[in-house]
Every structure is written in structure tokens, then in C-alpha cells.
Amino acid sequence: MEKLANLVMLCLLIFCKFSNANQEIYLHRLFKSRISQNFPVSDYWENLHEIRESSRVYAAPQDGLMQADKIEKLPGQPDGVDFDQYAGYVTVDPQAGRALFYYFVESPENSSTNPLVLWLNGGPGCSSFGYGAMEELGPFRVNSDGRTLFRNNYAWNKVANVIFLESPAGVGFSYSNTPSDYYNAGDTSTANDTYTFLINWLERFPQYKTRNFYITGESYAGHYAPQLAYTILLNNKNPNRTVINLKGISIGNAYIDDWTISPGYYDYFWSHAMNSDETHKGIFTFCNFENGTESDKCNNFIHKAYNEMGVIDTSNIYAPQCQNPVLKNESSGSVSPFYLLLTLPDFFFPSLCYSLIDLIRLTSLIPAWIHTCNIT
């Protein structure tokens with residue numbers, strides 16, 4: 001477990017040092033890909049019921065794996081940590097060699113009664129460990145030295161036991177030994193794999209089997225969360241399956257569909273003084289978000305919209321920019337060159353800390369529609 005913790009921390013530090021991209025960039029790329037021929041694998045809700053109700057669920061013995069996954073201490077971790085944390089893999093398809101990576105933090109107080117929360121980052125393709133756990137709601141943040149951690153005063157594990165799941169396979173540390181899995185990932189397979197993960201994880205941590213359970217996430221979790229909830233509710237009807245005590249879902253900045261979120265972006269830019277009246281009017285005059293078609297005039301106004309914003313983190317517009325050049329390259333601060341994706345090639349943004357399998361995927365196997373922002 002110590003070697004795994006060191007590997008995780010190494011990739012995390014590289015992530016924080018070199019990452020310029022965020023979920024917004026990858027979600028925007030998804031918008032653009034939807035109007036091309038290389039669009040993501042998509043599932044219609046009316047087809048999901050039959051598929052999921054009849055699907056088989058892999059379950060394996062989990063004896064002793066909880067203690068094997070326990071983290072004694074992360075590298076650079078501050079003193080006085082008063083909660084237990086775990087990390088490891090759960091196999092969801094042994095034939096394909098597909099396994100999902102999780103990071104789990106218990107509450108410092110009342111962990112035996114606090115609810116169980118699953119966090120899913122969006123993208124699609126963004127790491128729940130790199131973003132959710134280490135930049136948003138996890139118990140730690142990375143110091144500007146790029147080597148040590150400090151406590152997050154607003155960590156969710158103060159009131160809940162939180163699982164950060166890397167999903168689907170190919171995101172973060174999650175992987176598959178079957179290359180076609182990276183091409184064929186879609187909403188249905190992601191929901192089924194996550195459900196299989198939960199069934200096995202609850203066997204590994206049986207004390208949580210009857211705990212109140214919530215699904216949370218952001219961005220493309222607008223698909224992940226409700227579809228996983230739907231899968232759980234369907235399978236809860238099966239008397240031969242573990243009943244997951246699902247109480248609710250919560251989604252921030254949810255991506256539901258193109259024709260609602262795309263206009264929402266430009267309304268947000270305009271209403272927060274990042275775009276001019278002229279640009280906003282031009283976008284809504286010449287862009288047809290409902291059918292996904294583009295025109296030269298539409299593209300010109302969209303380019304103008306991002307040029308007007310300049311270098312700003314549009315997800316955190318009121319945060320100060322990091323002006324210290326010594327810290328800028330090693331800080332996960334609030335500067336996000338979102339406009340770069342309009343002029344730079346897709347391969348410009350690194351996937352941060354690649355393992356061998358990811359290098360192979362990125363050079364030859366990864367489908368054109370998904371540009372992962374993982375940390376492996």
C-alpha cells in the first residue's frame with residue numbers, strides 16, 4: 001500500500017505542476033465533437049431499462065481487501081490526520097481485465113453513522129482523485145511547493161464518508177487490459193461498471209451496506225449520476241442482489257444535453273461581464289444549439305467570446321490570479337487558459353502523468369472523441 005500511495009502522490013504532484021486544463025475544457029471539446037462524425041457513444045434512455053434489468057453483475061470475494069487498501073500516510077501529509085483513508089482497485093470485469101480505482105476517506109467523527117457519498121467528476125474523462133479529492137471537496141490540498149499537503153477546511157468528509165471513483169476505465173488510475181474498452185465506453189457501460197464497483201466495494205466494506213447512500217458529481221456527472229441511480233433502482237428490485245440504500249443524488253454544473261448547457265455558457269459569460277452585448281447577441285442570432293449546426297458567423301462570434309474573456313478561470317472568476325512567477329508553475333491556482341483550446345491542437349494539453357498503458361492508448365488506441373484529463 002505504501003508503494004501505491006507514493007505512486008498516487010507522485011502523479012498528483014505532476015498533475016498540479018503541469019495541468020492547465022480543467023473539466024470545462026474537456027466538456028467544451030465534447031460539445032465540439034457532437035457536431036462531428038466522431039461523436040461519443042450515446043445511449044437513449046428508452047433503451048436502458050431492458051439492457052440493465054437483464055445484465056449480469058460480476059461479484060467476487062473481498063475478504064481481507066479492506067485492510068490491504070488502508071493508507072497509513074500519504075507522502076507530504078500533514079500531522080494530526082484523524083480519519084482513516086483507503087485506496088485500491090475493484091475489478092468489474094475479470095475477463096476484460098477491467099478495474100476501477102477508488103480513494104475513500106472516512107469522517108473524523110461519527111463515521112459509523114454518517115452517510116456514504118460517491119463523488120464522480122465529469123469531463124467526460126476527468127479524474128475524481130486529481131480534481132474532486134485534491135482540488136475540490138477532499139480532505140487535502142497541495143501546497144505551492146508541489147511536495148506537501150495541507151488540510152481542506154471545507155472537506156466533505158467532515159460530515160460524510162466519501163468515495164472518489166475514477167470512472168470509466170481509462171480515467172485516472174482505472175484501466176482495462178482490453179483496448180476496445182476505451183473505444184466502446186458509453187453511458188450504459190459506465191453506469192453498469194460503476195454499479196458493479198459498488199456491489200463489490202460494499203462486500204469489501206460490509207459495514208456500509210445499510211448506510212444511507214448519495215451519488216454526487218459535477219459536469220458530465222449530469223449523465224453519470226442519474227443513470228447510475230436508475231441502474232441501482234432497477235437492480236434493487238432483484239431479490240438476489242445487494243440492496244443499495246440510495247437516498248438521493250446531487251449534481252453541480254450538470255451537463256444534461258447540448259441545447260440547454262451551450263446557451264447557458266454564453267449567458268453566463270455575458271451576465272458576468274466577460275462578453276460584450278454585441279458578441280452575446282451575435283451568438284444567439286447565428287448559432288443553432290438545438291440541432292448542433294454551425295455557421296461561419298456563429299464560429300466567429302464564439303471565437304470572439306473567448307477572446308474577450310482572456311486568461312481567466314471561468315469557473316472561479318472572482319479568485320485572484322497567481323502573480324508570483326515562482327509559484328505559478330507549481331500551484332493549482334485560479335488561472336485557466338480556456339481560450340487556448342480555440343487555437344492549439346487537441347494534443348497540446350497533456351494527460352499529466354501517464355502510465356505505460358495510457359501512453360499506448362494515447363498514441364494509437366484512444367478514440368478520437370475523448371480527450372482525457374486523467375492523471376495516470
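Just so it is clear, the values below take in all heavy atoms, side chains as well, and ignore hydrogens, waters and symmetry mates.
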request  = Evaluate side-chain hydrogen bond (donor to acceptor under 3.5 Å, both in side chains) for S127 paired with E166, printing each intermediate quantity in order.
outcome  = CA-CA 6 Å; S127 165; E166 311 267 58; 2.9 Å; yes
task = Could you check Y175, F197, Y103 and say which one makes a ring-ring contact (aromatic ring centres under 6.0 Å, His included) with Y89?
result = Y175
Residue from F83, W201, W119, F129 passing ring-ring contact (aromatic ring centres under 6.0 Å, His included) with F104 = W201
query = Can you hop from F150 to M134 via hydrophobic side chains spaced under 4.5 Å?
reply = no
query = If two hydrophobic side chains count as joined below 4.5 Å and joins carry through other members, does L118 share a cluster with L233?
reply = yes
[X]-[Y] aromatic ring centre distance below 6.0 Å:
X: Y266; Y: H280; value: no
X: Y265; Y: Y268; value: no
X: Y208; Y: F213; value: no

note = When rounded to the nearest 0.5 Å, the distance separating OH of Y86 from CG of D84 is 4.5 Å
task = Hey, could you give me the CD/OG1 distance between Q227 and T188, rounded to the nearest 0.5 Å?
result = 6.5 Å
ask   = After noting the C-alpha distance and the side-chain angles of Y102 and D69, does the key distance pass the side-chain hydrogen bond (donor to acceptor under 3.5 Å, both in side chains) rule?
value = CA-CA 10 Å; Y102 77 93; D69 287 352; 2.7 Å; yes
query = How are the rings of F301 and F286 set relative to one another: parallel (under 30°), tilted (30 to 60°) or perpendicular (over 60°)?
reply = parallel
Going by heavy atoms in the side chains, are [X] and [Y] under 4.5 Å from each other?
X: W156; Y: V105; answer: no
X: S271; Y: D267; answer: no
X: Y182; Y: P168; answer: no
X: L116; Y: I163; answer: yes

query = If we ignore angles and hydrogens, is there a donor and acceptor under 3.5 Å between the side chains of N245 and T210?
reply = no
task = For the residue pair T148 and D145, confirm or rule out a side-chain donor-acceptor distance under 3.5 Å.
result = yes
ask   = CG of D296: more than 12 outside heavy atoms within 6.0 angstrom?
value = no
ask   = Is it true that atom CH2 of W270 has more than 12 heavy atoms of other residues, nucleotides or ligands lying nearer than 6.0 Å?
value = no
What pair of heavy atoms forms the shortest contact from [X] to [Y], and how long is it?
X: T242; Y: N236; result: O-OD1, 3.7 Å
X: D193; Y: R98; result: OD2-NE, 2.7 Å
X: I232; Y: L198; result: CD1-CD1, 4.1 Å
X: S174; Y: L100; result: OG-CA, 3.2 Å
X: A155; Y: P139; result: CB-CA, 3.7 Å
X: C126; Y: V171; result: O-CG1, 3.4 Å

key: Results of side chain to side chain donor-acceptor pair (under 3.5 Å) for S167 - residues two or more places apart only   = T194
task = Please list, chain by chain and in numerical order, all residues satisfying salt bridge (charged side-chain N to carboxylate O under 4.0 Å, His left out) with R211, sequence neighbours excluded.
result = none
Answer yes or no: is there an ion pair linking [X] with [Y], defined by an N-O contact shorter than 4.0 Å?
X: R151; Y: D82; answer: yes
X: D63; Y: R204; answer: no
X: E109; Y: K158; answer: no

task = Apply side-chain contact (heavy atoms from CB on, under 4.5 Å) to S111 and list each qualifying residue two or more places apart in sequence or on a separate chain.
result = E106, S107, N161
task = Assess whether side-chain hydrogen bond (donor to acceptor under 3.5 Å, both in side chains) is satisfied between E308 and T279, documenting all intermediate values.
result = CA-CA 9 Å; E308 288 177 351; T279 299; 2.7 Å; yes
inquiry  = Pair L120, L165 - check side-chain contact (heavy atoms from CB on, under 4.5 Å), show working.
reply    = CA-CA 6 Å; L120 302 168; L165 179 64; 4.1 Å; yes
inquiry  = Between Q85 and Q77, does the side-chain hydrogen bond (donor to acceptor under 3.5 Å, both in side chains) criterion hold? Intermediate values first, please.
reply    = CA-CA 12 Å; Q85 51 186 332; Q77 177 178 300; 2.7 Å; yes
